Each structure stands twice: as C-alpha cells, then as structure tokens.
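Report on one structure; see the data block that follows.
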Protein chains: 2
Amino acid sequence: MSKQTANPDRISDAEQAVMEALWTRSPLTAAEVADTVGEDRGWSLATVKTLLSRLVGKNAIAAEPDGRRFLYSPVIARADFVGHESRRLVDRLFGGKAASLFAHLAEAEALSDTDIEEIEVLLRELRK
Amino acid sequence: MSKQTANPDRISDAEQAVMEALWTRSPLTAAEVADTVGEDRGWSLATVKTLLSRLVGKNAIAAEPDGRRFLYSPVIARADFVGHESRRLVDRLFGGKAASLFAHLAEAEALSDTDIEEIEVLLRELRK
DNA sequence: TCGAAACGATTACGAGTGTAAACAGTGGAC
DNA sequence: GTCCACTGTTTACACTCGTAATCGTTTCGA
C-alpha cells in the first residue's frame, strides 16, 4: 500500500512514447503504433502491445474493437498530462512556486534569447 | 540493458526526501535524518537507513565515519539536481523549449499574479 | 480446406522502488 | 565484566517498468 497508492497510474517514460504516437494521430492499431514508435525506439511489436495493454489498464487510452483487433485512442489529453507533470515538478522541486522554476531556468542559463523574447511576448499578453 | 543504462542512478522520490533533509542541514546521522524525514513521511528508521545506503551507492551522498557511525552529507548540490530534473521535464514534454513550458504554465493559469510580477522582474534583470 | 499470418492475452524476468525486519558488531552503563 | 542500545549490513517482498516470447484464436489466401 504505497507505490501504487501514492502513484495512481502514473504514465511511465516508455508508455509516454506510445501516448505521443496516439496524440499525434489516432485511432491507431497496435501495428501502426509499432510502426511509428517502434521504429526510433527499436521496440518489437510485442513490446508495443504490452505498453498498449498497460495504458488501457491505466485508463490512459481506449481500445475500440474493430473486427478482430482494436483501435486505440487517447483518453487523457496531452495538455492534461503535460499540466499534471509540470505541476508535479513545480511542487516537488520548487515548493509549488512556478516563479521559482522560472528563476531557476534563468539562472541556469537554460533560457535562450529566443525563449526570453517569446516569454516577454507572452507576458505582455498576460498583463492585458 | 536499458533502464539503468538509460537511467543512470536517478534519485527516486523517496530518496529525494532524504536528500532534502541533508540539503537543509548536514552532516547528519541516520537517526537525525530519520527524525527529520521519518516524522512526516511515517518512515521507520530501517527505511531511512535503506534509503541512505542506496544514495551512497548512487554517489549522491557521502558517508564520513564518526566513531562507530556515519555522518552523511550531500555530494550532489540541490541546484544540480533541480537543474537536471527541470531540463529532463522540458526535454520530455516541451521538446527542449523552455519557453513552451512557460507558455503552458501561463495558459494553464498555473501562474499567480505574484509569479508574473516576479518573472517580470527577473526578465528585466536578464535584459540588462 | 488447411496452413500461415495476424491479433490480443498470458507469462516471463531482471532491475528499480517503497518499505521494512533480521542480523551482527560494539561501546557505554551498571 | 555483562548486557543493552545503537549502528550499519543483509535479506525480504510486493509492485512497477522495460522488454519480450509464447499461446490461443481467428481469418484470409491458396
């Protein structure tokens, strides 16, 4: 009672790769996902099928029957996932303060000139 | 060949809690860490000892002998850890673009007014 | 009609994690 | 001098993750 309780159905790295494929285009069959994802990751079809099953188990994707196979589609939106993970990071590392994350990025020179410009634009938007 | 190869000595959530204690004050004995951390997390001394051992194994902390016990201190700095994890998130979710992370936070209304003000100040600094 | 290909489901297995109990050595109190 | 408390080390165990192989079924081509 603890890892899965504290960690309810977190999407793992490998699983995320599969999600990315489905966020890009869906629905897809297992074979199609494997074609897309397995390519760069060097995964076998079997591996992709396992990941798909696990994602279905986590209710992250839905499997709609289509003849004797399934068509998979995301259930959770990418924006939600991204939001969840971002918040998690901000909470874990910056005491929940998003500005601290920003300060860190600035200090670590992790912000390119382009980044800074874009953020300025966004800020002007926000200030309106 | 893959999880530990792709994931060389990552610091886990539970381990991070121990690190936080040591980043706050160090060196500490195992018992002291347990007093600090075990309290809120409800961990037994045994659990804390295990985590300390694993962290030593990962070269994240150092154990200096002090009589018949050890004094533990961080080897990696919090800023480095935070930097690493932040970059990891930006890479995984925002294609490496920090500005995208910022845009997401803005859009998700994860930025408080205070956050925005602070960021503006930081930006002015950066522009100099 | 018969065998091969294609599918999902089941099983596998080592590494990492969360959480701890059991064990062994030792130094201090009495 | 003996025993207890404390310390690090070893072992444990269930669960997740990465990565598949195998199995059972079904369908399509020959």
Side-chain angles (χ1 to χ4, degrees), chain A residues 1-21 27-35 37-73 85 88 92, chain B residues 1-21 27-35 37-73 85 88 92:
Chain A
M1 185 290 265
S2 152
K3 188 156 187 189
Q4 73 283 23
T5 301
N7 229 10
D9 294 337
R10 190 107 189 295
I11 289 174
S12 76
D13 276 18
E15 286 160 1
Q16 191 199 328
V18 169
M19 293 302 294
E20 296 291 351
L28 293 180
T29 66
E32 286 167 337
V33 173
D35 278 353
V37 178
E39 201 69 19
D40 10 313
R41 311 274 293 206
W43 286 338
S44 75
L45 174 59
T47 298
V48 172
K49 285 200 252 182
T50 300
L51 293 173
L52 285 168
S53 301
R54 288 181 183 168
L55 284 168
V56 169
K58 294 179 180 182
N59 277 312
I61 64 178
E64 186 194 357
D66 170 58
R68 68 201 200 80
R69 65 201 179 154
F70 286 123
L71 295 180
Y72 299 93
S73 316
E85 292 295 304
R88 194 178 126 80
R92 264 196 338 132
Chain B
M1 188 287 267
S2 150
K3 189 158 186 189
Q4 75 282 22
T5 301
N7 228 9
D9 294 338
R10 191 109 189 296
I11 289 174
S12 76
D13 275 19
E15 286 161 1
Q16 191 200 328
V18 168
M19 293 302 293
E20 296 291 351
L28 292 180
T29 66
E32 286 168 339
V33 173
D35 279 353
V37 179
E39 201 69 19
D40 10 313
R41 311 273 294 206
W43 286 339
S44 76
L45 174 59
T47 298
V48 172
K49 286 200 259 182
T50 300
L51 293 172
L52 284 168
S53 301
R54 289 181 183 168
L55 284 168
V56 169
K58 292 179 180 182
N59 276 311
I61 64 179
E64 187 193 357
D66 171 58
R68 68 202 199 77
R69 65 206 179 147
F70 286 123
L71 295 179
Y72 299 93
S73 316
E85 292 295 303
R88 195 176 125 80
R92 263 194 343 127

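Predicted, not measured: the structure shown is a model, and the values here were computed from it.
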* Asked: Starting at the 5' end of DNA chain D, which residue's closest nucleotide do you reach first, A/Ser44 or A/Glu15?
  -> A/Glu15
* Partners of B/Asp40 by salt bridge (Lys or Arg N to Asp or Glu O under 4.0 Å), sequence neighbours excluded? ->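 Partners of B/Asp40 under the salt bridge (Lys or Arg N to Asp or Glu O under 4.0 Å) test: none.
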For atom [atom1] of [X] and atom [atom2] of [N], their distance in whole Å:
X	N	atom1	atom2	answer
A/Leu52	D/dT19	CG	P	15 Å
B/Trp43	C/dT17	CH2	C1'	11 Å
A/Lys58	D/dG18	NZ	C1'	11 Å
A/Asp13	D/dT19	CG	C1'	14 Å
A/Leu55	D/dT16	CG	P	14 Å
B/Met19	C/dT17	CE	P	14 Å
B/Leu51	D/dG8	CG	C1'	14 Å
A/Asp40	D/dG18	CG	C1'	16 Å

* Asked: When you check every protein heavy atom under 4.0 Å of nucleotides 7-13 of chain C, what one-letter string (B, S, -) results, 5' to 3'?
  -> SB---B-
* Asked: Which distance, rounded to the nearest 0.5 Å, do you find between the CE of A/Met19 and the OG of A/Ser12?
  ->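 With rounding to 0.5 Å, CE (A/Met19) is 11.0 Å from OG (A/Ser12).
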* Atom pair CD/CZ of B/Glu85 and B/Arg92 - distance to nearest 0.5 Å ->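 If we round to the nearest 0.5 Å, B/Glu85:CD and B/Arg92:CZ are 9.5 Å apart.
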* Base, sugar-phosphate, or nothing for A/Gly38, non-hydrogen atoms under 4.0 angstrom? ->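 Nothing, no nucleic acid heavy atom in range.
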* To do: Pick base, sugar-phosphate or nothing for B/Gly57, based on heavy-atom distances below 4.0 Å to the nucleic acid.
  => nothing
* Decide, yes or no, whether a salt bridge links B/Arg10 with B/Glu15 under the criterion of side-chain N to carboxylate O below 4.0 Å. =>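 B/Glu15 and B/Arg10: not salt-bridged.
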* A/Asp13/B/Arg88 salt bridge by N-O under 4.0 Å criterion ->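 Result for this pair is yes, salt bridge flagged.
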* Would you say B/Thr47 reaches C/dA20's phosphate, i.e. side-chain N/O to OP1/OP2 under 4.0 Å? -> yes
* Asked: Does a side-chain heavy-atom distance below 4.5 Å link A/Trp43 with A/Val37?
  ->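 Yes; the side chains approach each other to less than 4.5 Å.
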* Decide yes or no for B/Leu28 and B/Tyr72: does some side-chain heavy atom of the first lie under 4.5 Å from some side-chain heavy atom of the second? => no
